[in-house]
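Written out below as structure tokens is the structure these notes cover.
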Amino acid sequence: MATTKHIYSLWDDLEKFDLGDSGARPSEWNGKKALYLAKMNSAVFLRDEVNYHSFRLQAEVAIPGEVGFIGFVFGAKDSTNYELIYLAPVEIQYDPVMNGSMTWQIYNGPSYQKPLPNTTGTWQKFAVEVQAEGARVYLGDSTEPMLVISNLQHGGKLGKVGIWNFLPSYIRNLSIEEIDPVPMLKRTTDFNKLKSETFITEWLVSNPFFKDKPEEQNWTKAFVEENGTLNVNRIHRAEPGAVVEVKSMIMLPEEQETLLSLGFSDSIRLWINDKEVYQGDWCWSPPIKDGRIRPDFASVPVKWKKGVNSIRAEISQRESFGWGLTVRTGLSNMTLVNGNGSK
């Protein structure tokens with residue numbers, strides 16, 4: 001196919017981009033002109049639509065200090081919902097932004113991250129090839145992808161493209177090139193597998209409320225992600241101080257005792273049959289805590305009764321990042337009996 005390629009220097013053609021409140025400005029680092037970005041969770045979008053179904057985003061990027069994140073935005077539904085893949089000091093991360101919030105605490109592990117040697121203090125060639133069913137990520141001159149994303153969380157739809165940063169970083173010579181479509185094996189959520197691993201796969205989620213301003217609760221039925229995590233960011237914007245209540249009901253044919261395991265962010269109180277069995281906090285506090293949600297983060301013994309059992313939790317938001325929980329009951333014979341979202 002005849003390909004089309006657009007190149008943007010990013011230091012003398014910024015009128016082609018919507019800078020918003022990013023504070024991005026032309027600068028120079030390590031002998032090269034570039035665009036300097038220093039805010040947190042800031043996206044800059046190309047004004048023109050790029051209606052390619054398959055394309056390659058490439059640029060030279062640099063993280064000048066010990067901490068910084070720089071990457072590409074694509075498939076943007078709007079300014080608060082888009083696909084995001086970025087270079088961090090010691091990893092590549094897929095981090096779809098939902099309702100304005102980063103979700104790296106939810107999407108972690110080898111399907112979404114690639115550990116790297118430290119990349120700071122030097123220019124790096126960074127590229128993402130976007131296909132309808134996923135994306136491949138490249139670093140340097142390697143022809144082999146460093147990371148393959150097999151399930152784009154916003155559905156792989158067309159949308160605006162751009163660049164993104166969190167803390168000081170530089171980017172230059174952005175190119176957008178149409179490429180041949182290449183089939184990718186799309187990964188979908190295997191609910192049967194999750195159920196066999198005793199994950200709770202369905203929840204009812206309340207509207208957000210604040211402890212000092214309780215509200216009448218309305219409920220939304222939600223299903224977990226492919227890794228078994230309830231992603232509250234899909235439903236509500238993460239706002240420090242906000243709380244949601246989540247609940248699920250299961251049916252058991254007999255009394256049992258198991259070791260329930262869970263992961264969460266940022267703070268949680270958990271009740272089984274209206275008895276509180278766990279509370280805790282887990283936030284991003286590097287280098288001690290990474291704040292990522294993992295199903296084996298904590299465990300608690302639980303006695304289950306014959307018949308209907310309730311699982312209920314309050315999840316508090318503190319950081320404006322990933323917001324959710326994952327629960328494995330240890331019950332191989334449970335049946336979910338949730339309703340349709342009514343109170």
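Just so it is clear, the values below take in all heavy atoms, side chains as well, and ignore hydrogens, waters and symmetry mates. Please read all numbers here as calculations on a predicted model, not as lab measurements.
- In the hydrophobic clustering of ILVMFWY residues, with side-chain heavy atoms under 4.5 Å counting as a link, Tyr112 and Phe74 come out together.
- Ring geometry for Phe55 versus Tyr52: interplanar angle of 30 to 60°, hence tilted.
- Residue Lys303 qualifies as open at atom NZ: its count of foreign heavy atoms under 6.0 Å is 12 or below.
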Report task. Tell me, with the steps shown, if Glu225 and Tyr107 meet side chain to side chain donor-acceptor pair (under 3.5 Å). Result -> CA-CA 9 Å; Glu225 306 293 301; Tyr107 301 105; 2.6 Å; yes
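- For the residue pair Asn218 and Asn207, no side-chain donor N or O sits within less than 3.5 Å of a side-chain acceptor on the partner.
- We find that Asp18 and Lys160 are not joined by a salt bridge, their nearest charged nitrogen and carboxylate oxygen being 4.0 Å or further apart.
- No donor-acceptor pair under 3.5 Å is formed between the side chain of Asn273 and the backbone N or O of Trp271.
- Side chains of Gln58 and Ser175: a donor-acceptor N/O pair is absent below 3.5 angstrom, by distance only.
- Side chain of Asp13 to backbone of Ser9: a donor-acceptor contact under 3.5 angstrom is found.
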Requested in this report: Decide side-chain contact (heavy atoms from CB on, under 4.5 Å) for Leu116 and Ile92; before the verdict, give the C-alpha distance in whole Å, the side-chain angles of both, and the deciding distance to 0.1 Å.
Outcome: CA-CA 7 Å; Leu116 299 171; Ile92 294 168; 3.7 Å; yes
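- The structure places OG of Ser54 at 8.0 Å from CD of Glu178, a figure rounded to the nearest 0.5 Å.
- With hydrophobic clusters built from ILVMFWY side chains whose heavy atoms lie under 4.5 angstrom apart, Leu14 does not share a cluster with Tyr36.
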**Report entry** Audit row: Arg312, Val246, side-chain contact (heavy atoms from CB on, under 4.5 Å) steps and yes/no
**Finding:** CA-CA 6 Å; Arg312 181 170 60 90; Val246 303; over 6 Å; no
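- A side-chain donor-acceptor contact under 3.5 Å links Glu83 and Tyr94.
- Note on Leu167: it does not cluster hydrophobically with Leu37, by side-chain heavy-atom contacts below 4.5 Å among ILVMFWY residues.
- No chain of hydrophobic side-chain contacts below 4.5 Å, direct or via other Ile, Leu, Val, Met, Phe, Trp or Tyr residues, connects Leu204 to Phe199.
- The shortest heavy-atom contact between Pro64 and Ser169 is CD-CA, 3.8 Å.
- In terms of heavy-atom proximity, Arg292 sits nearest to Asn108 at CD-CB, 3.3 Å.
- Glu60 and Asn173 are linked by a side-chain donor-acceptor pair at a separation below 3.5 angstrom, with hydrogens and angles left out of the test.
- Phe17 and Phe45 have their aromatic ring centers separated by at least 6.0 angstrom.
- Salt bridge absent: Arg136 and Glu129 never bring a charged side-chain N and a carboxylate O closer than 4.0 Å.
- By the 4.0 Å N-to-carboxylate-O rule, Asp12 lies too far from Lys16 to be salt-bridged with it.
- Exactly one of Ile235, Asn233, Asn81 qualifies for a side-chain contact (heavy atoms from CB on, under 4.5 Å) with Asn99. That residue is Asn81.
- The side-chain tip of Arg56 points at the ring of Tyr138 from less than 6.0 angstrom away and within 45° of straight on.
- In this structure, the side chain of His236 engages the main chain of Ser206 through a donor-acceptor pair within 3.5 Å.
- Looking at every heavy atom in both residues, Asp266 comes nearest to Cys283 through CB-SG, 3.7 Å.
- Scanning both residues, Leu174 and Ala59, for their nearest heavy atoms gives CA-CB, 4.0 Å.
- Under a 4.0 Å N-O distance rule, the pair Glu15/Arg47 does not qualify as a salt bridge.
- Taking the six-membered ring where the residue is Trp, the centroids of Trp104 and Phe321 are separated by under 6.0 Å.
- Other residues, nucleotides and ligands contribute at most 12 non-hydrogen atoms within 6.0 Å of the NE2 atom of His53.
- With hydrogens and angles ignored, the 3.5 Å screen pairs a side-chain donor or acceptor of Glu319 with a backbone N or O of Trp284.
- Remark: Lys221 engages Glu202 in a salt bridge, criterion side-chain N to carboxylate O under 4.0 Å.
- Defined by atom type and a distance below 3.5 Å, a donor-acceptor pair is missing between the side-chain atoms of Ser101 and Trp323.
- Annotation: the span from Arg237 atom CZ to Gln317 atom CD amounts to 10.5 Å, rounded to 0.5 Å.
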Report task. Report the C-alpha separation of Leu336 and Ile200 in whole Å, then their side-chain angles, then the decisive distance to 0.1 Å, and conclude whether the side-chain contact (heavy atoms from CB on, under 4.5 Å) test is met. Result -> CA-CA 8 Å; Leu336 286 164; Ile200 296 295; 4.2 Å; yes
Report task. Give the intermediate values and the outcome of side-chain contact (heavy atoms from CB on, under 4.5 Å) for residues Trp282 and Phe297. Result -> CA-CA 9 Å; Trp282 181 242; Phe297 172 78; 3.4 Å; yes
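- Proximity of a side-chain donor or acceptor of Ser150 to a complementary backbone N or O of Lys186 within less than 3.5 Å is not detected.
- Between the CD1 atom of Ile163 and the CD1 atom of Ile171 there is a distance of 4.5 Å, given to the nearest 0.5 Å.
- Side-chain contact between Leu270 and Leu260 is present, with heavy atoms from C-beta onward closer than 4.5 Å.
- Atom CE of Met98 is separated from atom CD1 of Ile106 by 7.5 Å, given to the nearest 0.5 angstrom.
- Cluster membership check: Ile311 shares its hydrophobic cluster with Val302, using side-chain heavy-atom separations under 4.5 Å among Ile, Leu, Val, Met, Phe, Trp and Tyr.
- Using a 3.5 Å distance cut-off with no hydrogens or angles, the side chains of Asn30 and Tyr170 do not pair a donor with an acceptor.
- Atom CG of residue Asn333 and atom CH2 of residue Trp304 lie 11.0 Å apart, to the nearest 0.5 angstrom.
- For the residue pair Asn118 / Thr120, a side-chain donor-acceptor distance below 3.5 Å is found, with atom types taken as modelled.
- Between Glu197 and Lys193, at least one side-chain nitrogen of the basic residue sits less than 4.0 Å from a carboxylate oxygen of the acidic one, meeting the salt-bridge criterion.
- Screening Trp164, Tyr86, Phe126 for a ring-ring contact (aromatic ring centres under 6.0 Å, His included) with Phe72, the sole residue that qualifies is Phe126.
- Distance alone, capped at 3.5 Å, places no donor-acceptor pair between the Asn165 side chain and the Gly71 backbone.
- Of the possible donor and acceptor atoms, one in the side chain of Thr258 sits under 3.5 Å from a partner among the backbone N and O of Thr329.
- The heavy-atom pair separating Ser332 from Thr198 by the smallest distance is N-CG2, 4.2 Å.
- Side chain of Glu133 to main chain of Gly156: no donor-acceptor pair is present (N/O by atom type, distance under 3.5 Å, no hydrogens or angles).
- Between Glu254 atom CD and Lys306 atom NZ the span is 8.5 Å, to the nearest 0.5 Å.
- For the pair Asp95 (side chain) and Thr103 (backbone), a donor-acceptor distance under 3.5 Å is present.
- Heavy atoms only, all atoms of each residue included: Pro181 and Gln131 are closest at CA-OE1, 3.3 Å.
- Between Gln105 and Ser265, the side chains place a donor N or O and an acceptor N or O closer than 3.5 Å (distance only, hydrogens not considered).
- The backbone N or O of Lys33 lies less than 3.5 Å from a partner atom in the side chain of Arg172, making a donor-acceptor pair.
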Report task. Show your reasoning for whether salt bridge (Lys or Arg N to Asp or Glu O under 4.0 Å) applies to Glu276 and Arg269. Result -> CA-CA 7 Å; Glu276 186 169 359; Arg269 296 180 67 191; 2.8 Å; yes
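- Residue-environment remark: CD (Glu66) stays at or below the threshold of 12 foreign heavy atoms within 6.0 Å.
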